[in-house]
Amino acid sequence: YRRARASRAVVSLTIFRSSVTFPGMEQLLASHGYPVLFALSFLASTLLPLGSEWLLAAMLINHHDPVMTVAVATFGNTLGALTTWAIGMLGGPLLIRRVLRVDAAAEESAKRFYRRYGVWSLLFSWLPFIGDPLCLAGGIFRVGFGRFSLLVSTGKLARYAAVAYLTLEGMQMFRGW
């Protein structure tokens, strides 16, 4: 219990400090927050090695609606994963290597993970380093659109909901400071 509270405190303090450091961020988020979050979440799940959790947390700290913020991030990240799935389903090795920049070792690791845990491994598509290759493996192994979408969006929703919960709890903890 203490360890969980301490980690929430560190995450919240880090996010709080970063939001204080960038005074123009508040105005940017107020005017373009949701579209930027959608785009960053989409890109984080496709071509670029980005993270979108920091923006979700920053938006919550700036009092954006938690449900809407989690929904937008989840939707963008899921659409990005569907793009990767489609490349696996329709694309050849050249497209996989050039567009997704997935090397052979990462692809093979994802395939082994996928073979071991089956379609349920897609619940972990939010994990760094293996998430994109898992979505790619889902396409290569021809997982159906409905099943893929349900499993991937569930995993991504759980991740963003956890980030939102920890951020909001951290805000409550530091409110009295």
Side-chain angles (χ1 to χ4, degrees), residues 3-5 7-12 14-16 18-19 29-30 32-89 100 102 106 109-111 113-114 116-173:
R3 185 182 231 173
R5 286 182 68 87
S7 65
R8 285 193 303 229
V10 169
V11 168
S12 297
T14 302
I15 293 168
F16 175 74
S18 69
S19 68
L29 294 178
H32 303 326
Y34 293 120
V36 171
L37 179 62
F38 175 84
L40 185 60
S41 298
F42 180 88
L43 291 173
S45 186
T46 55
L47 305 174
L48 304 172
L50 299 171
S52 54
E53 295 84 357
W54 68 270
L55 182 55
L56 181 129
M59 289 177 66
L60 292 174
I61 289 169
N62 285 296
H63 307 291
H64 281 76
D65 177 46
V67 173
M68 182 68 163
T69 305
V70 168
V72 167
T74 300
F75 186 61
N77 212 242
T78 300
L79 283 181
L82 282 166
T83 303
T84 305
W85 169 82
I87 291 171
M89 185 82 92
L100 292 179
V102 174
S109 173
K111 283 180 180 179
F113 191 83
Y114 187 85
R116 183 173 182 187
Y117 298 106
V119 73
W120 297 105
S121 65
L122 293 171
L123 288 169
F124 298 100
S125 63
W126 58 270
L127 288 171
F129 305 112
I130 196 165
D132 291 342
L134 273 175
C135 293
L136 181 67
I140 291 170
F141 291 130
R142 307 281 190 231
V143 175
F145 176 81
R147 179 179 283 177
F148 180 87
S149 299
L150 179 65
L151 291 170
V152 168
S153 63
T154 299
K156 292 176 182 294
L157 173 63
R159 183 232 356 234
Y160 284 121
V163 170
Y165 174 78
L166 291 173
T167 301
L168 295 171
E169 283 294 309
M171 288 172 58
Q172 292 294 331
M173 284 176 41

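Computed from a predicted model, the values in this text were never measured in an experiment.
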Point to revise | side chain to side chain donor-acceptor pair (under 3.5 Å) partners for T78, two or more places apart | key: none
Review point. Is the backbone of S41 close enough, under 3.5 Å, to the side chain of S45 for a donor and an acceptor to pair up by distance?
Key: no
Point to revise | Sequence-distant partners of F141, ring-ring contact (aromatic ring centres under 6.0 Å, His included), two or more places apart | key: Y114
Exercise for review: Identify the two heavy atoms, one from G51 and one from L40, that lie closest to each other, and give their separation to 0.1 Å.
Suggested key: O-CD2, 3.6 Å
Exercise for review: Return the minimal non-hydrogen interatomic distance between F42 and G80, and the atom names on each side.
Suggested key: CD1-N, 3.4 Å
Exercise for review: Mind listing the closest non-hydrogen atom pair of L56 and V70 along with its distance?
Suggested key: CD1-CA, 4.0 Å
Check your understanding: What residues, two or more places apart in sequence or in another chain, satisfy side-chain contact (heavy atoms from CB on, under 4.5 Å) together with I140?
Key -> I96, E107, K111, L136
Study note, to complete from the structure: Closest heavy-atom pair, L60 versus L168, reported as atoms and distance to 0.1 Å, is CB-CD2, 4.4 Å
Practice item. May I have all residue pairs that pass salt bridge (Lys or Arg N to Asp or Glu O under 4.0 Å) and include part of residues 148-167, sequence neighbours excluded? Key: E53-R159
Exercise for review: Write out all pairs satisfying salt bridge (Lys or Arg N to Asp or Glu O under 4.0 Å) with one or both partners inside residues 55-81, taking only residues at least two apart or from two chains.
Suggested key: none
Check your understanding: Counting only heavy atoms not in R116, do more than 12 fall under 6.0 Å of its CZ?
Key -> no
For a quick test of your reading: what N or O donor-acceptor pairs under 3.5 Å do the side chains of residues 143-152 make, sequence neighbours left out?
residue, atom, partner, partner atom, Å
S149, OG, F145, O, 2.8

Practice item. Assign the ring pair H64 / Y34 to parallel, tilted or perpendicular, where the plane angle (0 to 90°) is split at 30° and 60°. Key: perpendicular
Revision key, fill the gap. On a heavy-atom basis, the closest approach of L50 and L43 is CD1-CB, 4.0 Å
Check your understanding: Just by modelled atom types, is the A73 backbone N or O under 3.5 Å from a matching donor or acceptor in the N77 side chain?
Key -> no
